[in-house]
**Q** 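If you scroll down you'll find the structure; I have some questions about it.
These numbers come from a predicted model, not from an experiment. A note on names: the letters A, B, ... follow the listed sequences, proteins ahead of strands, and every chain is numbered from 1.
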There are 2 protein chains.
Amino acid sequence: MKSWAMRRPTANLTIDDFMLRDMPPPEAGDGEILVETHYISLDPYLSRAMKSWKGEHPGWADGTIHGRIVGAVIESRFPGLSVGDRVIGIGRWQPVNAMPGQAVQLIAPDIDPPSLVLGALGRSGITAWVGLHLSGLKAGETILISAATGPVGSVAAQLAKARGCHVIGTAGGEAKCRHATDLLGYDACIDHGAADLEDRLKAAAGEGVDVLFENVGASSLDAALPLMRPRGRIMLCGLAQHYLTEDPMLLRNFKYLLYSELSLRAFITANYPDLFAPALEELRDGILSGRLLFEETIIDGLDNAADTFLAMLGGEGIGKRLIRL
Amino acid sequence: MKSWAMRRPTANLTIDDFMLRDMPPPEAGDGEILVETHYISLDPYLSRAMKSWKGEHPGWADGTIHGRIVGAVIESRFPGLSVGDRVIGIGRWQPVNAMPGQAVQLIAPDIDPPSLVLGALGRSGITAWVGLHLSGLKAGETILISAATGPVGSVAAQLAKARGCHVIGTAGGEAKCRHATDLLGYDACIDHGAADLEDRLKAAAGEGVDVLFENVGASSLDAALPLMRPRGRIMLCGLAQHYLTEDPMLLRNFKYLLYSELSLRAFITANYPDLFAPALEELRDGILSGRLLFEETIIDGLDNAADTFLAMLGGEGIGKRLIRL
């Protein structure tokens, strides 16, 4: 059975660092289930594990890639789960995984498609909710979201709009930006590669930015800092631009942090478990009622996982990026 | 009468940007006082006004340097002040200033030397107090202070020690570091130029740093970031390393902000007037009782003001840097 792994720990991830090796099919031990993979979640944070061979799952130690998987139970040696149940768990990037029954979560029958629990109804959506919550965003405020059409940004924008905010974003390319304003409710979205980025951002920001929801890194932060209002808040959610490199970050406008008395707060969603329930309640209501648009870019075929992962880190795709088997 | 001014707004301040020009002696208008200058406060933040020709005082518009002055009233056309009163106010860097009586503050008779109101009992001391207060520093925590022997750092360290904290610092040179540990209560102080800075800082930090009190800039922040404990707090008080340059800040360890879920909060003391009274109460008690050591580096002579100011920005001197006339 094919299974993705890393050749070596590496600072600058390329396709050559990945290998698709042949592994014996897994068997379900006592208390375990066999899960047939339907969706593999491609998450930027995995690149950190790829560089260090340390991830949420101890199996990383030999370079075997582990990530979030949605699939169906095809054999159960765990009393709480039956064949046919749809579950989410941590597994290898391979067609079938053995997982401890205790370690997976059942996906409710009304969740359709089940891949939602990897995106808008999973970590990405919860991250958007938690970031807005921790920022103290209030109606009437202006929020700037980088990676505007990403899995987190696309949800954060819709939630912020529902809270009565002026919502602006930056994204890679005019096509993504049109998508952002046409479908996701952004009041404005600027191509982060535009030559006149600063002028256009300034025009879009009006009286200035109250909250920056930062998913990208130095270039995005640097463009935003001069636009922040006094005592503006920066939520540091991700640094996608920097996961693949050890190059230092270069910030021309760092001084604005001081001059504008800004605050910056980094957060890792996994460390806010108390917020998952209220986050999921709002997200679920929004999605089931159709008010909250969820975005997925789905690529078929296990063989495409590494390429698609690297393309995502390079900015390709909209919303949640998934491999479907 | 000699008076210091700037030749032009400039990004990279050198001695050639200063000029000592001859001005007519000031006269006290109605409601004004004439103040004979005893001390001129040298404050890093002035370099920003020097670059932009915009400062707290509108007089900056023509390049005339204005800063905090302590002196004695030698003529009064303001009912509330008499000849001989000691006051602090904003004035030109010159031997005598006309100041509106409303705009100065009387120095209490028990304050000795009166220069204290420019340092430990003035903006510098209050800044130390406010920074610790906003950081939520608690007994038993570890605090790292950059510019350890500066006017703010030297007070912050003693206040933190009094709160039962483990206090470590960085400073320029072994001599300053010895001063820090011998006199200011630092548990450890590392020369920021030491080749083994990171190792020594790590050893001094023990279980990690809870609060970073940042006065310097990129190099100092970069050395501290990997040592911060999860959810550590960074108080951004000053960026002395960067006031003279427009070069971008280069941060190798910025990612630790995210990985360790750090928060960074910038503060400008002037914007926390409600905290001045409690700050001054503790500072005054400490100084009058002799528990709080105040540090001054005093240079005599108006002619030396610009040179001394630039030397201070380059790291020379300990504690509050003052020109005495």
**Q** Under the rule for side-chain hydrogen bond (donor to acceptor under 3.5 Å, both in side chains), what residues qualify as partners of A:Trp93, not counting sequence neighbours?
**A** none
**Q** Under 4.0 Å between a Lys/Arg side-chain N and an Asp/Glu carboxylate O for A:Lys255 and B:Glu246?
**A** yes
**Q** If you count heavy-atom pairs within less than 4.5 Å of chain A, which of B:Asn253, B:Leu236, B:Leu251 leads?
**A** B:Leu251
**Q** Under 4.5 Å between any side-chain heavy atoms of B:Leu313 and B:Ser47, yes or no?
**A** yes
**Q** So how far is it from B:Trp129 CH2 to B:Phe276 CZ, rounded to the nearest 0.5 Å?
**A** 11.0 Å
**Q** For chain A, find which of B:His242, B:Arg252, B:Glu261 contributes the most heavy-atom pairs closer than 4.5 angstrom.
**A** B:Glu261
**Q** Would A:Arg163 and A:Glu282 satisfy salt bridge (Lys or Arg N to Asp or Glu O under 4.0 Å), going step by step from the backbone distance to the final call?
**A** CA-CA 12 Å; A:Arg163 283 154 178 65; A:Glu282 182 175 354; 2.9 Å; yes
**Q** If the contact rule is any heavy atom under 4.5 Å from chain A, which residues of residues 211-235 of chain B qualify, in numerical order?
**A** B:Leu221, B:Arg231
**Q** Is any side-chain N of the basic residue among A:Asp196 and A:Lys202 closer than 4.0 Å to the acidic one's carboxylate O?
**A** no
**Q** Is A:Leu262 close to chain B through its backbone or its side chain, or both, or neither, when contacts mean heavy atoms under 4.5 Å?
**A** backbone
**Q** What is the ring orientation for B:Tyr259 with B:Tyr256, classed by angle as parallel under 30°, tilted 30 to 60°, or perpendicular over 60°?
**A** perpendicular
**Q** As an exercise: rank A:Leu257, A:Ile268, A:Leu250, A:Asp247 by heavy-atom pairs under 4.5 Å with chain B and give me the winner.
**A** A:Ile268
**Q** Before giving the answer on side chain to side chain contact (heavy atoms under 4.5 Å, CB included), spell out for B:Thr269 and B:Arg123 the whole-Å C-alpha distance, their side-chain angles and the decisive distance to 0.1 Å.
**A** CA-CA 8 Å; B:Thr269 305; B:Arg123 185 69 66 99; 4.0 Å; yes
